[in-house]
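Data block below; observations after.
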Amino acid sequence: MKVLTFKGGIHPPEGKELSEDKSLKKLKIPEQVIIPLSQHIGAPAKPIVEIGDEVKTGQKIAEANSKISANIHSSITGKVKAIGEYLHPALGKARAVVIEKTEGDEWIENKKIEDYDSVDSEKLVEIIRERGIVGMGGATFPTDVKLSPPPWKDIDYVILNGAECEPYLTCDDRLMREKTEEIIEGLKIIMKIVDADKGFIGIEHNKPSAIKNIQKLCKNINNIEVKIVKTKYPQGAEKQLIKAITNREVPVGGLPLDVGVVVQNVGTSLAIYEAIVEGKPLIERAVTVSGEAMNDTANFIVRIGDTFENLIEKAGGLKDNVKKIISGGPMMGIAQHSVKNVPVLKGVSGILAFTDKKTHHDEELPCISCASCVDICPMKLIPSKIVKFIKNEKYEEADELEISACIECGSCAYVCPSKIPIVQYMKIGKNEVRKINAQKKQEEEK
Amino acid sequence: MDKNLQVSISPHLKQNISVQKVMWLVVLALLPAFIHTIILFGIRTIWVTLTAIITAIISEALMQLLFNKKITITDGSAVVTGMLLTFNVPPTIALWKVALASAFGIIIAKQLFGGLGYNIFNPALVGRAFLVASYPVAITSGWVKPTGGFLSISQRAAESIKTAGNQTAAKLVDTVSSATPLTALKEVRKAASNPEIHDTAVNLWDKLYSFDFVENAFLGKIGGCLGETTAITILIGGLFLMILKIIDWRIPLAYIGTLGVLTWIFGGHNGLFTGNPFFHIFTGGLMLGAFFMATDMVTSPLTKSGRWIFAISLGLLTFIIRMWGGYPEGVSYSILIMNIFVPLIDRYTVPKAFGGGQE
Amino acid sequence: MRAWKEFTKGIIKENPVFVMALGLCPTLAVTTSAVNGVGMGLASTFVLLGSNTVVSIIKKMVPNKVRIPMYIVVIATFVTLVQMFMKAYFPALDKALGLFIPLIVVNCMILGRAEAFASKNNLFYSIIDALGVGVGFTLALTLIGAIREMLGSNSVFGMQLVEGFQPMGFFVLAPGAFLTIGVLIAIFKAIEKKNKEN
Amino acid sequence: MSISGLFVISVSAILVNNFVLARFLGLCPFMGVSKKLDSAFGMGGAVIFVMTIASAVTWIIQNYILNKFGLQYLQTIAFILVIASLVQFIEMFLHKALPHLYKALGIYLPLITTNCAILGVTILNIDEGYNFLETIVHGFSAGLGFLLALVMMAGIREKLELADVPESLKGLGLTFVTASLMSLAFMGFAGLV
């Protein structure tokens, strides 16, 4: 089978061998969970419980606050202990509901729809919204919004993203191997909702077992096909995956649905299946715990709100020479100050611990125009020049070089011999450019 | 359990490459050619090289002191400049002239522009051009024969050309056998238009274009600057850098290819397509220029399309200067001239961003 | 002491070459030697003096609209005088300076002084101004010429300096001219900054 | 007049004896208008335009008026007046007839009167004894050479804007050093014609 890909990209050390053979293990329900109200892109959810309330597993505890927002559910059976500011792996600190476990694990009863084909698409989207499903790949965009394209946009393809191009992470791989059937059912549901002709599952070449399992099950489904994509970072970035599989290019500033495609992570597909067919809100997820500074590694199914500390401990604990702990993958993840009381969110796909050797900090030197970053940029930008403009506060010039197209994948910073923190400059620049353009728009409207 | 955790922006993995590593790899790639020069011209080339390197380092440090900047002489870039300059001078050059050129290159072409990464021109080539402007005689004459070789054609080959009492022809043979190959070619081409010595000139021309000669040129058994007599070892070093992806293969390929094709078409005396491209590829500074000078990261274009434009223009310019210019060799000036155009090339070869082509 | 101030300002603080960057073409073109520098400087000073004087006298008679063309005619007249004078008495220097003698007409320094100073000030100060700027210009050209001659020909005003030194031909060529003035401008700037700091 | 002769004049004026880099003409606008590429193209275009026309007009004046009446000594005055009024006239003409071109070149025209490269080229045409056709080719090529130098410098200066240049060299100082190295590189063209 042909291995598909896009232009550019890098080959960082994969690190998957550390945990790819560890099958998914359901972790014991924690004594206490910290459930932040911001676990998705968009407005934080509004809490609908009060301190002292008793809640069941799967009970809604906070409500979506605007169109782009998501419901939050309790992940355990217990009692609301506090509502306030708590640590958050991405935002530093954010409002959260703390629930203390009581006896048992009593689930709230939800309607199960096994025959989803006979149900209206709108109804299915409503259920998905109700169950608080968001993108599980890390971006955490509310799934219901993504599945409601404007009526004038025809969707041809649904792509399930099983690339998992971030090094070290293996949770999607494990899901594809162990929850194969559920994931494919999820894809069918998505295809029904957006009325797509064809479904693809894009998987990187380095996951032969996952590919085999899914291929076996798809054999008799004529409108679903497995597409093998090259093991290359960032193969799992939405736009790059679409390019590889369909050869369509999402325009600058556009969305996949502008080219008739909807992309969902395999984990999201599983969550959709569980929400519709099993009536289960999004209260658990698969997390890889790995890295050279771990005594042992694991792939867990954990309740949302469990803590990093607990996961690390259950996986085998940290080595003494740990230097860095990351939420997410090593390329785009966020380094953590501490792991105590830091909760696992809907979008946390991995907890990685690294030693000094892997992450050594280097001094920034002047750019020598080696153009490594230009050669590998998957968005075909000129990072080195954009960074020079940003350093000199020439944001309009940076805008001309399409800085806003940057997906912050970090490939440029990975290859840079001068160790320039390019992603950081990109973030600053994008922010400034956005401000300038908003201001310009405002002035024009006047 | 909280340790002193490090917090920094993503990505948390970095490739094992650094500016220092790049520079020292270039130095490493130049070592075979350096050893080759010692074999060809003796111990003296060591002193020439050391002079260039030490002066480069001292100049860099002094300027950084003067401008209150951090001293960065360990990054290896000054060493690279010093070494490259050595390959751009004749083996007999006075040491103080090498030092002068090295200092000029580092101070004027590099440090005044802000140091590493900001220079517009290749410092080593600026050093050479300064020498050519200041001491034209020192850099274009006084050639010595390399061990086991000759300057352009061997004494025997020269004697085999019967001049039959024709004094002008005899003089031409003398001139040619005491010049570097490209200078010899220039003399021969000029002489070919003189009917009186046309036959002799054509005879010499054929000798230069013969397989034997090109083989000798490839092995370095000819006269010239240190980098002009070490084609084979420079090629080895260049391929080494190419395999490590320190330099982009496009630049040497397009540069050498363009010059080869042009000289093949227009470089002969029997009409079109009678030139010997290999003569032009292995004589002069082309190997050094194409692999080590034109590929200098700081002073070459950023984009692939830009590098094609850059390298093809280099081939064209070198061809023009070798054919019609005042200098026998045009590699160093071609690169300096194209250095001027790099900012323009960079500006007008910005690729469309991903998804930018469909709107 | 205004007169003294007007005179000295042109020499250092508002040096036409190093600070104001005026009259660059002749500054670079003719300064291959100190003598040429002096020659060009004096010729320009003469024209400057003449034009400042005349402009200052006629400033009230000239309608605003034809002001600039009028100044140019005045300058061109003095340039023509200089041309004739040089041809007659200093043929060698005339040859060395060549094209740049007639080009004094378009030396922006001269038109600049006429427009910025002589047309607004009385005859006395206009003459002082012209002398000051002219001396500044002449000194600058002489300095550049002397440096280039020293480095490029191992001599100053034609006298050989160091026995056995092989001069750097670079400095008498075009790139040497650009480099010398570039570095001198930078040095002037650095000194000025130091002075301001103290 | 052979084509190759015209070619030699042209190559000489653009590359070998580039007006800015080898002859030191037009340095004030070269320094002043080379900060941005857009304005470099504008100024360069305007200079080509004026140089070509001024070359033609002054050649006619020299050959049919000054020489005829033995008024050669009035050359400087006559030429500068011709150029000044020519620029005025071109400005008015463009404004009325070609507003689009005027928009692109217009703001640079007033600066051109004192560009010594214009007067320089007209005098050189006479000194070199060029005929009418050669004069026009020379004028045009000299302008092209000026444009080339200006655009090259603007490209470099835009890049240097982002460089960590020592304080005292910023601006004019480094621009001259750059010009020096450009001029040094252009010496490679020596002997071409």
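Proteins get letters first, then strands, A, B, ... in listed order; numbering begins at 1 in each. All values reported here derive from a predicted model rather than from experimental measurement.
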task = Please lay out, stage by stage, how A/C416 and B/Q15 fare under the test side-chain contact (heavy atoms from CB on, under 4.5 Å).
result = CA-CA 8 Å; A/C416 181; B/Q15 201 172 23; over 6 Å; no
query = Do you know the tightest heavy-atom contact between B/R307 and A/A371?
reply = NH2-CB, 3.0 Å
ask   = Charged N to carboxylate O under 4.0 angstrom, A/D375 versus B/K245?
value = no
query = Are any non-hydrogen side-chain atoms of B/S10 and A/I334 less than 4.5 angstrom apart?
reply = no
request  = Heavy atoms only, distances under 4.5 angstrom: which of A/A353, A/G328, A/S369 has the most pairs with chain B? Name it, please.
outcome  = A/S369
ask   = At a heavy-atom separation under 4.5 Å, does A/S384 approach chain B through its side chain, its backbone, both, or neither?
value = side chain
query = Is A/M331 close to B/H12 at the side-chain level, that is, under 4.5 Å between some pair of heavy atoms?
reply = no
Partner of A/L365 under side chain to side chain contact (heavy atoms under 4.5 Å, CB included), chosen from B/D75, B/V19, B/T72, B/L116 = B/V19
inquiry  = Take a 6.0 Å sphere around CD of A/E396 and say whether it holds more than 12 heavy atoms from other residues, nucleotides or ligands.
reply    = no
ask   = Which of the residues A/K239, A/E402, A/K7 is involved in the greatest number of heavy-atom pairs with chain B at under 4.5 angstrom?
value = A/K239
task = Taking only Lys NZ, Arg NE, NH1 and NH2, and the carboxylate oxygens of Asp or Glu, determine whether B/K70 and A/E363 approach each other closer than 4.0 Å.
result = yes
message = Would the distance check show the side chain of A/H337 and the main-chain N or O of B/L5 forming a donor-acceptor pair, the cut-off being under 3.5 Å?
response = no
Contact class of A/V374 relative to chain B, heavy atoms under 4.5 angstrom = side chain
inquiry  = Using heavy-atom distances under 4.5 Å, tell me whether A/P167 contacts chain B through its side chain, its backbone, both, or neither.
reply    = side chain
Student check: side-chain heavy atoms of A/Q240 and B/F354 closer than 4.5 Å = yes
message = Quick check: under 4.5 Å, non-hydrogen atoms only, which of residues 341-351 of chain B neighbour chain A?
response = B/D346, B/R347, B/V350, B/P351
remark   = Interatomic distance, SG@A/C370 vs CD1@B/I246, rounded to 0.5 Å, equals 9.0 Å
remark   = Residue from A/I382, A/L381, A/L401 scoring the most non-hydrogen pairs under 4.5 Å with chain B is A/I382
key: Members of residues 294-301 of chain B whose heavy atoms come closer than 4.5 Å to chain A   = B/M297, B/V298
remark   = In this structure, OG1 of B/T303 is separated from NZ of A/K385 (nearest 0.5 Å) by 9.0 Å
message = Does any part of the side chain of B/K14, heavy atoms only, come nearer than 4.5 Å to the side chain of A/K419, both counted from C-beta?
response = yes
message = Between B/L13 and A/Y233, is there a side-chain heavy-atom distance shorter than 4.5 Å?
response = no
ask   = Which answer fits A/K427, side chain, backbone, both or neither, if we ask what part of it has an atom under 4.5 Å from a heavy atom of chain B?
value = side chain
ask   = Under a 4.5 Å heavy-atom cutoff, which of A/P421, A/G333, A/C377 has the most pairs with chain B?
value = A/G333
query = So do the side chains of B/I17 and A/V415 get within less than 4.5 Å of each other, counting heavy atoms only?
reply = no
